[in-house]
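First up is the structure itself, then whatever we jot down about it.
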Number of protein chains: 2
Amino acid sequence: MEAGRQRQGRLWSNLKEVCDLLHIPAANSIANEELLFQHVQFKTGQRIHTIGQPFDTLYIVNSGFLKTVLIDEYGNEQVLSFPMKGDMLGVDGIHTRHYSSEAVALSDCDLILLPFKKLTALGRIHLELENMMYGVMSRELVREQAMIGMLGALSAEARVARFLVALAERFAQMGYSSKLFNLRMTRHEIGSYLGLTLETVSRTLSAFNEIGLISVDQRTIGIKDSEALKTLRRLPPSRTRGKPATGKSKGGDTVPSGQLLAAL
Amino acid sequence: MEAGRQRQGRLWSNLKEVCDLLHIPAANSIANEELLFQHVQFKTGQRIHTIGQPFDTLYIVNSGFLKTVLIDEYGNEQVLSFPMKGDMLGVDGIHTRHYSSEAVALSDCDLILLPFKKLTALGRIHLELENMMYGVMSRELVREQAMIGMLGALSAEARVARFLVALAERFAQMGYSSKLFNLRMTRHEIGSYLGLTLETVSRTLSAFNEIGLISVDQRTIGIKDSEALKTLRRLPPSRTRGKPATGKSKGGDTVPSGQLLAAL
DNA sequence: CGTCTGCTTGATCAGGGTCAACTCAGGTGG
DNA sequence: CCACCTGAGTTGACCCTGATCAAGCAGACG
C-alpha cells in the first residue's frame, strides 16, 4: 500500500522499492524513477500461475497471502509454501521455462511483476540487483532445505509448533503482532504443508491450547509461550542410542511427565 | 576424467567443459582456453565444506559421489541430497555468505571450483553462463520441491521405489547401467534422506526383492521392473473419499493380492 | 582373530492416519 | 427473517504403518 504510485490508473514501483521489499541493501544510485515495475491485483482464490504454464515473469508479494502447491498424478494438492509480503514467486519456472508449481491467492493480493528477461538485463547494470536475485534464490533453497529437514525428522507436534513460531516471526518482521494473528489458510492446507492430516493439525492445536502454549479460536491464534513452542521436539526424545553423535544427553533426562514437552 | 587438462601438475577445465557437465547449451564462442577452472580431489570421507564456514566458491561434481547433510540442534544428521556428476554444490551459501549445509565425499571425488565472485563477473560477459547459473539454481529448487512433495505425501515403499528409480535414471544419463548399479551410501543415509529408519529401508528393499521388482545384494541393486517401481504408491490407495479430484478409480480395482502394488 | 560397522530380520508398540459424527459460521434463497 | 446448505473445524474410536528395541550375521581391518 505504501509502496507504489499511480500512473495511468495503475500502480508501479521503482527499483528501490522492490529492493526494500526484499530486504536488499539497495544503493540509492538505483532510485531511478524511469525504471518502474507494474503491480497486479489478485482477488482471493485467483490463480497467479498454473503448472505447466510458460514462464516469463517473477512476482514479488507486496501485500496479501498466498499458497503455492504441487499437484500429484492423482490430483492431490501438496502445499509447498505460504508466500507473503517480501517473498518471491515463480522461481521454479526459470529452469524449464514453465512453472512447475501453482500459486493461489489466499486473500486479496497486490503483486509486483518482474519480467525475467528485463530483470536479468537490469542485473548486469545494477549489481545489487543481480546479487539480490542470487540471494533470494539461495534463501529460497535454504528455506526448502529446512523444510526437508523438518519433514524428515520431526514429530507432528514439533512441526505444528515450528510452523506457528515461523508464522509469528514472519508477522513480526512485517510489523504485525507476533503474539496474536489470524491464520489465512485452512487446517487442510496447514496439514498438507506439514505432511499431516487436517485432523492431526486440529488435535495438535487443541492440545497446545489445553497446555497453555497458545490460544485457539478458529483462525485466530494467540502465542502464549513461544519459547516452549520453539524447543518442542519429537516426543520420544530419540535418546541417542548407539553412537552419540555429540555425547550430551547421557543423564537420565528426568523430565517427569513431560511427554509433550522436551526441555532442551 | 575426460574433462580437464594437466597444467602445473593440476587439472583445469575451460568454460565449455563446465557447461557440458551442467548440460548447458554452450555457445562455442566461450571455448576460451584462458578461462580455466581448477579441479580439486577429495578422498572418501573428506568434507568439502562445513556448516557455518564462510562461503566463496561453488563446486561442480566432475566425478564421484557425495552427500550433503544438515545437522540439527542435537547433532543428528539429516541427508539432503546425494550429488553426483554434473551437480552443483554450495548454492545454499550464497544467501548468508556461509554454507548452511555440509558436503561429504562418499567416494573419491573430483570437483571443479567455481569462485562465486569470478563466476558472476563472467556471467555478465557470457550470457549463457548467467543463464546457466539461474537455471541450475532453479533446477535445484524444483528438485527440492519434489522432495518435499514426496516426504509429505508418499508411503515408505513409494519413497524407496522412487529413490531407486531416480538413481537409475541418474546412472543412465551418466552413461552407466540403469539396470545394475552400486549404492554408494549406507541404509542409514538412505533412510535419513527419505525420512525413514534404516530398518525400514532394509525391509523395503528385501520386500521388493521378494516380489521380484529388484535384486539386492548388499550395495548392489538390480532393477527388474522399473515400471512397477515408478507406479508404486501408498499402500492404502487413498481411495478418493469425499470429492474425487479426478474421478477415476471407481471400478473395484481388482488387483488381486496387490497390497504392495497399486496400478495407476 | 577379535572388533567394528553395515545389514538383515523379528517382535512389539505407538504415533498419527482413517473413518465417522457433530458443531459452528457464513452464504443463499424463499 | 429464517430455513437451509455448505465447508471448516473439532472430537472420538479404531487400526495400520513404520519406529523402536533386540539379536544375529557378514565383510573389512588392524
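All values reported here derive from a predicted model rather than from experimental measurement. FYI, side chains are in, hydrogens and waters are out, and symmetry mates aren't considered; it's all heavy atoms of this structure. Here is the naming used below: chain letters follow the sequence lines, and residue numbers restart at 1 for every chain.
B:Glu210 pairs by the side-chain hydrogen bond (donor to acceptor under 3.5 Å, both in side chains) definition with nothing, not counting sequence neighbours. With sequence neighbours excluded, the residues that form a side chain to side chain contact (heavy atoms under 4.5 Å, CB included) with B:Leu113 are B:Val40, B:Thr57, B:Tyr59. Checked against side-chain hydrogen bond (donor to acceptor under 3.5 Å, both in side chains), A:Arg187 has no partners two or more places apart in sequence or in another chain. Listed by chain and number, the residues in a side chain to side chain contact (heavy atoms under 4.5 Å, CB included) with B:Lys179 are B:Ser177, B:Ile223, B:Ser226 (sequence neighbours excluded). When the side-chain hydrogen bond (donor to acceptor under 3.5 Å, both in side chains) test is applied to B:Thr44, the partners found at least two apart in sequence or on another chain are B:Asp108. B:Glu189 is linked by a side chain to side chain contact (heavy atoms under 4.5 Å, CB included) to B:Lys67, B:Val79, B:Phe82, B:Leu106, B:Met185, B:Thr186, counting only residues two or more places apart in sequence or in another chain. Residues satisfying the salt bridge (Lys or Arg N to Asp or Glu O under 4.0 Å) test with A:Arg170, not counting sequence neighbours, are A:Asp87. Residues that satisfy the side chain to side chain contact (heavy atoms under 4.5 Å, CB included) test with A:Arg203, not counting sequence neighbours, are A:Glu199.
Here the side chain of B:Thr220 pairs no donor or acceptor atom with the backbone of B:Val216 at under 3.5 angstrom. Counting only distance, with no hydrogens or angles, the side chain of B:His49 and the backbone of B:Ser101 share a donor-acceptor pair below 3.5 Å.
Sorted by first and then second residue, the ring pair (Phe, Tyr, Trp, His ring centres under 6.0 Å) pairs with a member in residues 141-175 of chain B read B:Phe65-B:Phe171, B:Phe163-B:Tyr193, B:Phe171-B:Phe181; sequence neighbours excluded.
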Measure all distances between protein nitrogen or oxygen atoms and nitrogen or oxygen atoms of nucleotides 24-26 of chain D, and list the pairs falling under 3.5 Å.
none

Below 3.5 Å is the cut-off: list the nitrogen or oxygen pairs between protein and nucleotides 11-13 of chain D, distance only.
residue : atom : partner  : partner atom : Å
D:dT11  : OP2  : A:Ser206 : OG           : 2.7
D:dG12  : N7   : A:Arg203 : NH1          : 2.7
D:dG12  : O6   : A:Arg203 : NH2          : 3.1
D:dA13  : N6   : A:Arg203 : NH2          : 3.4

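Look at CG on B:Leu154: it is 11 Å from P on D:dG18, rounded to the nearest Å. A straight line from NE2 of A:His188 to C1' of C:dT18 spans 14 Å, rounded to a whole angstrom. Look at CG on B:Asn209: it is 15 Å from P on C:dC7, rounded to the nearest Å. The distance between atom CD1 of B:Ile221 and atom P of C:dG6, rounded to the nearest whole Å, is 17 Å. In this structure, CG of A:Leu151 is placed 13 Å from P of C:dG16, rounded to the nearest angstrom.
Between B:Arg219 and C:dC7 there is a side-chain N or O to OP1 or OP2 distance below 4.0 Å. Taking only side-chain nitrogens and oxygens, A:Arg187 never comes nearer than 4.0 Å to OP1 or OP2 of D:dA8.
Counting non-hydrogen atoms under 4.0 angstrom, B:Gly191 reaches nothing in the nucleic acid. Note on A:Leu205: nothing from the nucleic acid sits closer than 4.0 angstrom, heavy atoms only.
The residue among A:Gln218 and A:Leu196 whose nearest nucleotide of DNA chain C is located toward the 5' end is A:Leu196.
Which of D:dT20, C:dC7, C:dG17 sits closest to the side chain of A:Thr197 comes down to C:dG17.
Direction change of the helix axis from one end of the helix from C:dC1-D:dG30 to C:dG30-D:dC1 to the other is 30°, with five pairs defining each end axis (rounded to 10°).
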